Amino acid sequence: MRKSHHIWLPVLLVCVGTAIASAQSFKVQCPAKTSLHPSGTASASFAGPVQGTISIHPDFGSDFQLASNDNGGAVKCQEVSGGDGYATMADGTQTYLFGFGPLSGLGLIANGQPGTQLADDFNKPYTDGPNFFNGQPNPNYDPGAPNPNGAITDVAAIMHTGVMNANMPAPLIAIDEDDELFLTLTNVGMIMRPDLFEQHTIHFHGYPNASSFYDGVPDASVAINIGGSFTYYYLAPDAGTYFWHCHITPPEHLQMGMVGQIYVRPRQNRVPSGMSVYQALVNAQGDLRIASNCSKDILCSTPLPAMTTDNSPTGGYSNGTATKMYAYNDGDGSTRYDHEYPIQIHGFDPNFHFVGMTFNPEGFADMKDKYFLLNGRSYPDTVNFQGNWDTSYGTSATPALYTQVSDGTNHPSQPLPTLIQLKQGERALLRISDLDVTEFQTLASVGIPMQVIALNARLLRDEAGNNMYYNTNSITLGGGESLDVILDTCTARGPAPDYACTTKMPTGKYFLYTPQLDHLSNDAENFGGLMTEVVVN
């Protein structure tokens, strides 16, 4: 018989080797430039592809040059953790989560904004706070030059920040058509469930990937183990509202909170004055999906949508930072908006979350949501925060709800309120997605009609180029669906191209709520659930 140490010594060495490899396997990638974006930074306008070269190694001359084809956009990056944490429900209950948390753009995300950044900003270290979330000191802290948005790349800092820092919903991602997105997921482990060696992935639902390798379905691509990082690569597809989630045992991980939203803004926002969207997308861009003879190709609008002279309505549609804001490449300005609000619908079964934390078998067949959430919150938490979180109004208050976790530290668990704020004459774009596991959800409006302009990231337009938008006072979504909806505080507008507001809505408070009465509750507490407010000033 072999001596026991002959058996256990190799096992021990393998385990030690694995632990060392895992400890060194965190790797965050964000290139400053690529062959598609040799400058790396965003261009101010979009006029078409720019031919050029990019140097692979500047010290070796022309032998190390690659042809480049810059279509506008930029290199953008984001970093998230996969782990666990807690969120606070509107009745005060602290609910256990599996979830994604931010490891870059922390200041932006805590302020209710997307955490996606240009490579130059992403690659600057996080220097904002003297301590990380778990109280450990930040060696890069610089009170003279605080940077709350840089990526956290040090192994210890990733753990100090990412552990017990699950967000509900997951960190918001926003990119522009023509961007390249490098999204790093680091699996920091389930601290409250050390018996679970859970892998995690990122699956962009309904989103055309650059390669199936980045699809996030573990059987067909890769899954990330505890102590490891993986950088997903995406080319921005058509504009629209999409969403993402973990694809490891999806009924469990989605129910537990591993869901988030991504949206893609259109090229039309960057088309220069004097150029039509058709010229930009066909003549300049050379989009192969559109034939040169648009009068015969059903993929083209026939006739082409009318364009204003400068491609922007003149009725004051501006959020203070940009004069051209559209949801889609519409060509006629009909998807214009002043403010955009991502709204993710979800539901929690408190019993499922409780047994998930206490090492008990999870009852998948008995799953029944009792908390109904907009961006991870039920009413009145959907509108509760101090100050004005919409930065387009020139404010910088922090809207996040904080939850104390098991080590006594507070974490910004739910960063996104859903209070919709508008001035008379303005339009709001609601990017609504439903990532429920068990329920269909309905949202109704009172006093403001909802104009549905897109379904599942596809503009509602027929083959002849006619807009098929429709007005309604309620929408219904199932899990895995998205809608783009515009709220207009004008009851009457003039014709294109100005769309001048001729009759404004009265100021006051309006509501978005569900008419499903059992969804207007916070578990056993009435008068909550799926509801938020629209304030017209």
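Please read all numbers here as calculations on a predicted model, not as lab measurements. Counting from 1, the numbers follow the sequence of the chain as shown. FYI, side chains are in, hydrogens and waters are out, and symmetry mates aren't considered; it's all heavy atoms of this structure.
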Decide whether [X] and [Y] meet the rule of one side-chain donor and one side-chain acceptor closer than 3.5 Å.
| X | Y | result |
| --- | --- | --- |
| Thr184 | Thr231 | yes |
| Asp484 | Tyr263 | no |
| Asp369 | Gln255 | yes |
| Ser221 | Asp215 | no |
| Asn375 | Thr418 | no |
| Asp330 | Gln268 | yes |

Using a 3.5 Å distance criterion without hydrogens, assess whether the side chain of [X] forms a donor-acceptor pair with backbone atoms of [Y].
| X | Y | result |
| --- | --- | --- |
| Asn329 | Arg267 | yes |
| Gln441 | His519 | no |
| Thr476 | Phe440 | no |
| His245 | His253 | no |
| Arg193 | Phe98 | no |
| Asn187 | Gly189 | yes |
| Thr201 | His247 | yes |
| Thr127 | Asn147 | yes |
| Thr241 | Ser482 | no |
| Thr514 | Thr442 | yes |

Of the non-hydrogen atoms in [X] and [Y], which two are nearest, and what is the gap between them?
| X | Y | result |
| --- | --- | --- |
| Tyr328 | Ala454 | OH-CB, 3.2 Å |
| Asn522 | Ser378 | OD1-CB, 2.9 Å |
| Asp434 | Ile345 | OD1-O, 3.5 Å |
| Lys368 | Asp349 | N-OD2, 2.9 Å |
| Pro102 | Thr161 | O-CG2, 4.1 Å |
| Gly347 | Asp436 | N-OD1, 3.2 Å |

With under 30° as parallel and over 60° as perpendicular, where do the rings of [X] and [Y] fit, or are they tilted in between?
| X | Y | result |
| --- | --- | --- |
| His346 | Phe348 | perpendicular |
| Trp244 | Phe100 | tilted |
| Phe230 | Tyr214 | tilted |

Can you confirm whether [X] sits close enough to [Y] that some side-chain heavy atom of one is under 4.5 Å from a side-chain heavy atom of the other?
| X | Y | answer |
| --- | --- | --- |
| Phe204 | Ile173 | yes |
| Leu460 | Leu455 | yes |
| Leu483 | Met450 | no |
| His200 | Leu185 | yes |
| Gln414 | Thr403 | yes |
| Tyr242 | Val264 | yes |
| Thr116 | Asp179 | no |

Exercise for review: Please identify each residue that fulfils ring pair (Phe, Tyr, Trp, His ring centres under 6.0 Å) with Tyr371, with sequence neighbours left out.
Suggested key: none

Point to revise | Tyr86/Gln404 under side chain to side chain contact (heavy atoms under 4.5 Å, CB included): CA gap, chis, key distance, verdict | key: CA-CA 8 Å; Tyr86 290 88; Gln404 187 178 86; over 6 Å; no

Let me confirm one number: the [atom1]-[atom2] distance from [X] to [Y], rounded to the nearest 0.5 Å.
| X | Y | atom1 | atom2 | result |
| --- | --- | --- | --- | --- |
| Ser229 | Ile224 | OG | CD1 | 8.5 Å |
| Asn165 | Met159 | CG | CE | 12.0 Å |
| Lys124 | Phe122 | NZ | CZ | 13.5 Å |
| Leu106 | Asn111 | CG | CG | 12.5 Å |
| Asn269 | Glu177 | CG | CD | 9.5 Å |
| Ile486 | Leu430 | CD1 | CG | 9.0 Å |

Exercise for review: Might you work through the side chain to side chain contact (heavy atoms under 4.5 Å, CB included) test for Tyr341 and Thr532, ending with a clear yes or no?
Suggested key: CA-CA 12 Å; Tyr341 292 92; Thr532 190; over 6 Å; no

Review point. Would a line drawn from the ring center of Tyr402 to the ring center of Phe133 be shorter than 6.0 Å?
Key: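 Ring centres of Phe133 and Tyr402 not closer than 6.0 Å.
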
Review point. Do Tyr96 and His353 have their ring centres less than 6.0 Å from each other?
Key: no

Practice item. Please assess Leu103 against Thr186 for the test side chain to side chain contact (heavy atoms under 4.5 Å, CB included), listing each intermediate value before the final yes or no. Key: CA-CA 9 Å; Leu103 288 175; Thr186 295; 4.2 Å; yes

Review point. In chain order, what residues pass the salt bridge (charged side-chain N to carboxylate O under 4.0 Å, His left out) check against Glu481, with sequence neighbours excluded?
Key: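 In terms of salt bridge (charged side-chain N to carboxylate O under 4.0 Å, His left out), with neighbours along the sequence ignored, Glu481 is linked to no residue.
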
Practice item. Could I get the full list of side-chain hydrogen bond (donor to acceptor under 3.5 Å, both in side chains) partners for Asn134, not counting sequence neighbours? Key: His160

Practice item. In sequence, state the C-alpha distance, the side-chain angles, and the governing distance for Asp176 and Lys76, and then conclude on salt bridge (charged side-chain N to carboxylate O under 4.0 Å, His left out). Key: CA-CA 9 Å; Asp176 297 285; Lys76 292 180 182 173; 2.7 Å; yes

Practice item. Using the ring of Tyr326 (Phe, Tyr or Trp, six-membered ring only), decide whether Arg265 places NZ or CZ under 6.0 Å from its centre and within 45 degrees of its axis. Key: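 No; the conditions do not both hold, so Arg265 does not lie above the ring face of Tyr326.
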
Point to revise | From CA spacing to verdict: side chain to side chain contact (heavy atoms under 4.5 Å, CB included), Val188, Met164 | key: CA-CA 9 Å; Val188 298; Met164 297 298 294; over 6 Å; no

